Peer 1: 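Just dropping this structure here.
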Amino acid sequence: MELSKIIMERRSVHVFEDRPVSVELVKEMLDTAVWVPNHKMTQPWRFVLVHGEGRKRIAEVSRALNERRERDPEKAKEIGQKFYNKLMAVPMFLLVVMKEHSHPVVREEDYASVSCLIHNFSLLSWEQGLGLVWETYPLLHEPSFREALGIGQGEKIVGSLHVGYPAKVPSAQPRIPAEQLLTVIEA
Ligand SMILES: Cc1cc2nc3c(=O)[nH]c(=O)nc-3n(C[C@H](O)[C@H](O)[C@H](O)COP(=O)(O)O)c2cc1C
């Protein structure tokens, strides 16, 4: 597929087929995705891949946190189960984790590189018929979630990527034509 077509046709996918994603394929795509520009070559990323039974770690944390929000025990159980099921319907989670540099400029540049990496991965996935959504939900900041996945202090989860074969592809949200936003200075 042409690169421009992949870029424009890729969508954030929220609903997936009940079909596993090959870990080998993800590893291959990550090995390509890391070829991003990276100032000072800090390469500040690492990845946590969660699939199969491993998803229960994430789903159980979400269940516990959501149950705690509701006073009525019956309702709490129901809500907890809803969140548990929602996360268990995601075939694979790929957490992209960044070491947070103490210097704000390096940290900002590192975040830019990690974002490029995520988008590379997203485009490569689309090329393979896979879809994903880059999620940044509050769960990523919860100590119990971070602990369950071995995220250390000084590490930022830049995104939790929900990966799978799309069951539904949302329609595109239009972009402002770049021409309208372009200033050309030529003299
Ligand atoms: C940094 C970042 C964080 C995002 N966080 C979320 C999120 O938490 N939940 C979500 O549904 N989509 C999230 N998105 C996806 C955007 O909502 C999505 O890209 C946008 O709606 C455009 O849709 P498209 O990707 O299909 O073109 C995030 C995207 C970026 C770049």
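Excluded from the calculations below are hydrogen atoms, water molecules and symmetry mates; all remaining heavy atoms, backbone and side chain alike, are included. Numbering of ligands and ligand atoms starts at 1, following listing order. Quick caveat: nothing in here was measured; it's all calculated off a predicted structure. In what follows, residues are counted from 1 in the order of the sequence shown.
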Peer 1: Provide, to 0.1 Å, the distance between atom 26 (O) of ligand 1 and the closest protein heavy atom, together with that atom's residue and name.
Peer 2: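 For atom 26 (O) of ligand 1, the nearest protein heavy atom comes out as S12 N, 2.7 Å.
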
Peer 1: Taking all atoms of both residues into account, what is the closest heavy-atom pair of H103 and H101, and its distance?
Peer 2: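 Reported closest heavy-atom pair: N-ND1, 3.0 Å.
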
Peer 1: Can you figure out which of E9, H14, R10, M8 has its heavy atom closest to atom 11 (O) of ligand 1?
Peer 2: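 It is H14 that holds the nearest heavy atom.
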
Peer 1: Would you give me the side-chain donor-acceptor pairs under 3.5 Å for residues 13-28, sequence neighbours excluded?
Peer 2:
unit_1: E17; atom_1: OE1; unit_2: R19; atom_2: NH1; d: 3.2
unit_1: S22; atom_1: OG; unit_2: E24; atom_2: N; d: 3.3
unit_1: S22; atom_1: OG; unit_2: L25; atom_2: N; d: 3.0
unit_1: E24; atom_1: OE2; unit_2: K27; atom_2: NZ; d: 3.3

Peer 1: Under 4.0 Å, heavy atoms only, figure out whether ligand 1 is touched by the backbone of H119, its side chain, both or neither.
Peer 2: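 Neither; nothing of H119 gets under 4.0 Å from ligand 1.
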
Peer 1: Just to confirm my output: which protein heavy-atom neighbour is closest to atom 9 (N) of ligand 1, and how far is it?
Peer 2: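 Ranking protein heavy atoms by distance from atom 9 (N) of ligand 1, first comes E135 OE1, 2.9 Å.
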
Peer 1: Within a 6.0 Å radius of atom CD on E70, are there more than 12 heavy atoms belonging to other residues, nucleotides or ligands?
Peer 2: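 For E70, atom CD is crowded (more than 12 foreign heavy atoms under 6.0 Å).
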
Peer 1: Going by distance alone, is a donor N or O of one side chain under 3.5 Å from an acceptor N or O of the other, for E142 and S144?
Peer 2: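 Per modelled atom types, E142 and S144 side chains form no pair under 3.5 Å.
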
Peer 1: Relative to the heavy atoms of R11, which atoms of ligand 1 are at a distance of less than 4.0 Å?
Peer 2: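 Those of ligand 1 that fall under 4.0 Å from R11 are 24 (P), 26 (O), 27 (O).
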
Peer 1: For atom 23 (O) of ligand 1, find the nearest protein heavy atom and state the residue, atom name and distance (0.1 Å precision).
Peer 2: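 Ranking protein heavy atoms by distance from atom 23 (O) of ligand 1, first comes Q173 NE2, 3.6 Å.
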
Peer 1: Which atom names give the shortest non-hydrogen contact between E155 and R146, and what distance separates them?
Peer 2: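 Answer, listing the atom of E155 first, then R146: O-NH2, 2.6 Å.
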
Peer 1: What is the closest protein heavy atom to atom 8 (O) of ligand 1, and at what distance does it sit?
Peer 2: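 Heavy-atom neighbour on the protein nearest atom 8 (O) of ligand 1: T136 N, 2.9 Å.
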
Peer 1: Output side-chain donor-acceptor pairs under 3.5 Å for residues 159-176, partner residues at least two apart or in another chain, one line each.
Peer 2:
unit_1: S160; atom_1: OG; unit_2: Y137; atom_2: OH; d: 2.8
unit_1: H162; atom_1: NE2; unit_2: Y137; atom_2: OH; d: 2.7
unit_1: R175; atom_1: NH1; unit_2: Q173; atom_2: O; d: 2.8

Peer 1: Give yes or no for whether the N/O distance cutoff of 3.5 Å, strictly under, is met between W134 and ligand 1.
Peer 2: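 By distance alone, the answer is yes.
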
